[in-house]
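Residue numbers begin at 1 in each chain, while the letters A, B, ... track the order of the sequences.
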Amino acid sequence: MRRAAMCFSLSQFPRCRVHTLTNSWWQSFHHINRIGRGSISSKVLAAGKQGLEGRFNSTENRRTLTTKSEGNSKAALSKKTTIRQEILDETTKSEVDIYSSEITEIGNTQYVDIRQAIAENKDLAKLMTFIIFDIETTGLSRDRERIIEIALRDLHGGENSTFQTLVNPGCIVPNSFVHKITTSMVNRPDVPRMGDLIPILLRYVGSRQKPGGYVVLVAHNARCFDVPFLIKEFGRCSFDIPSNWLFVDTLPLAREVMKSGGSKPKLKLQDLGQHYEIPLVGSAHRAMADVHMLTAVFQRLTFDLKLTIPSLIEGHSFWPSEVGRSKKKKNSG
DNA sequence: GGCCCTCTTTAGGGCCTT
């Protein structure tokens, strides 16, 4: 595949930020497995503190994001149709590579769900990129409301491991009491609209992805809230969620961990943070603060459930196409 | 809207997300 160096001009939208974190979830995860549960908190929290300090010191991090992809970003950003086609082309190439790989690995099967393939082939698990994400919106309805903030964090850590931006919804923000994001904060020319942001977002996630690999995006209540919202917003902008994005919802993981507790379990992200004694840094219901909280919660949940990457993918991941396919219908008649 | 729980399954209430 032809590749060339490319730069994102994030400075075009000053409120897009790429942060530098040094902690690695996988290092922490493996360390946790070695040292046992007693030392988890200090290790995880130490990593989190280090990362967050980096975040708060990084107001100057409004910088160009460099990654490897095709094309010229400045030209592409000025021509939405062009960049959309480039991304679609790149997605198609990636998909072809992945399916070729699957068929080579697994045999003559024409279609194999990657979840089963990962469960059977540990090498495929190494190709997964885990990204914790969160969105803030103008309300709860995916049909009527809009995304106003999005934050992501690659669990591998390293440079440019986090991405955060406000989003201009083109409407008033009626629920500032929830997240403290006001209409005047987002309805500004230097805040990107979703249509401008999606190409940047796709490029950013692509820059974190391993060659021929898959991306696993993790959010709390992802199945019922974040993912349907993303699908809707992508659709409004004539984009599809890339075919190599899998999702994991931490809400059912938390339900499974907490159900043995006896009393009615509290499954809100902040309650889970309290349960695991994870301090909140920043404002609750701001996307990046919730991402950092969920990062630590996700580590603890997967540890408590003794989940490996293959078992997590096989038993707890879903495709965007599976959203809306309810296992149990409330009003089936 | 999907999922879980129960005073249930021929259903309904509550949680979770903003």
Side-chain angles (χ1 to χ4, degrees), chain A residues 131-153 164-183 185-187 191 194 197 217-236 241 246-276 278 280 282-295 297-298 301 305 315-333:
Chain A
I131 294 178
I132 306 288
F133 79 102
D134 185 49
I135 59 173
E136 303 302 323
T137 69
T138 57
L140 297 174
S141 168
R142 70 192 71 163
D143 294 321
R144 297 188 300 274
E145 312 295 354
R146 293 292 187 276
I147 293 175
I148 52 173
E149 187 177 42
I150 186 163
L152 303 89
R153 176 176 172 182
Q164 173 189 17
T165 183
L166 292 171
V167 184
N168 186 337
C171 63
I172 65 165
V173 180
N175 59 340
S176 300
F177 64 93
V178 173
H179 37 54
K180 308 291 191 294
I181 299 171
T182 62
T183 301
M185 286 169 65
V186 291
N187 279 286
V191 175
M194 205 63 198
L197 177 63
L217 291 126
V218 181
H220 198 56
N221 203 17
R223 183 182 283 275
C224 296
F225 186 76
D226 300 78
V227 175
F229 246 104
L230 276 185
I231 292 171
K232 198 76 182 182
E233 291 277 29
F234 271 59
R236 287 191 189 105
I241 303 286
L246 268 168
F247 291 89
V248 166
D249 187 349
T250 51
L251 183 58
L253 300 183
R255 191 175 284 126
E256 199 170 333
V257 169
M258 300 299 180
K259 68 183 178 186
S260 58
S263 59
K264 202 168 189 176
K266 293 181 176 179
L267 302 173
K268 290 181 184 175
L269 179 58
Q270 307 311 323
D271 291 328
L272 295 171
Q274 278 192 345
H275 172 78
Y276 285 124
I278 300 161
L280 173 68
S283 303
H285 292 301
R286 285 304 298 267
M288 188 52 81
D290 285 356
V291 161
H292 287 309
M293 175 67 78
L294 184 59
T295 298
V297 167
F298 179 57
L301 291 174
L305 293 170
H316 300 277
S317 67
F318 59 95
W319 299 107
S321 58
E322 293 173 313
V323 171
R325 284 194 224 156
S326 176
K327 291 176 184 174
K328 284 195 284 185
K329 286 291 182 187
K330 197 171 183 177
N331 299 312
S332 56

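- Applying the side chain to side chain contact (heavy atoms under 4.5 Å, CB included) test to A:Glu256 and every residue at least two apart in sequence or in another chain returns A:Lys259, A:Leu305, A:His316.
- Between A:Phe318 atom CZ and B:dC3 atom C1' the separation is 12 Å, expressed in whole Å.
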Do any side-chain atoms of residues 225-234 of chain A form donor-acceptor pairs under 3.5 angstrom with protein atoms, and if so which ones, sequence neighbours left out?
| from | atom 1 | to | atom 2 | distance (Å) |
| --- | --- | --- | --- | --- |
| A:Lys232 | NZ | A:Asp143 | OD1 | 3.0 |
| A:Glu233 | OE1 | A:Arg236 | NH1 | 3.1 |
| A:Glu233 | OE2 | A:Ile147 | N | 2.7 |

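- Separating the C1' atom of B:dC7 from that of B:dG14 is a span of 14 Å, rounded to the nearest Å.
- Taking the C1' atom of each, B:dC4 and B:dT9 are spaced 14 Å apart, rounded to whole Å.
- Atom P of B:dC3 sits at a distance of 22 Å from the matching atom of B:dT8, rounded to the whole Å.
- The closest donor-acceptor contact from the side chain of A:Ser317 to the backbone of A:Val248 lies at 3.5 Å or more, if one exists at all.
- A side-chain donor-acceptor contact under 3.5 Å links A:Asp249 to the backbone of A:Arg223.
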Find every protein N or O atom lying less than 3.5 Å from an N or O atom of nucleotides 16-18 of chain B, and list the pairs.
| from | atom 1 | to | atom 2 | distance (Å) |
| --- | --- | --- | --- | --- |
| B:dC16 | OP1 | A:Leu267 | N | 2.4 |
| B:dC16 | OP1 | A:Lys268 | N | 3.4 |
| B:dC16 | O2 | A:Asn221 | ND2 | 2.9 |
| B:dT17 | OP1 | A:Leu269 | N | 2.7 |
| B:dT17 | O4' | A:Asn221 | ND2 | 2.9 |
| B:dT17 | O2 | A:Asn221 | ND2 | 3.4 |
| B:dT18 | OP2 | A:His285 | ND1 | 3.0 |
| B:dT18 | O3' | A:Glu136 | OE1 | 2.5 |
| B:dT18 | O3' | A:Thr137 | N | 2.8 |
| B:dT18 | O2 | A:Asn175 | ND2 | 3.3 |

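- Rounded to whole Å, the separation between the P atoms of B:dG13 and B:dT17 comes to 22 Å.
- A gap of 25 Å separates the C1' atoms of B:dG12 and B:dT18, to the nearest Å.
- In this model, the phosphate group of B:dG1 is not approached by any side-chain N or O of A:Arg223 to a distance below 4.0 Å at OP1 or OP2.
- Looking only at distances, no side-chain donor or acceptor of A:Gln164 sits under 3.5 Å from a matching main-chain atom of A:Met288.
- For the pair A:Glu136 and A:Arg286, the tightest heavy-atom approach, listed with the atom from each and the gap, is OE2-C, 3.7 Å.
- B:dG2 atom C1' lies 13 Å from atom CD1 of A:Ile231, rounded to whole Å.
- Atoms CG (A:Leu253) and C1' (B:dC4) sit 15 Å apart, rounded to a whole Å.
- Atom P of nucleotide B:dC4 and atom CG of A:Asp249 are separated by 11 Å, given to the nearest angstrom.
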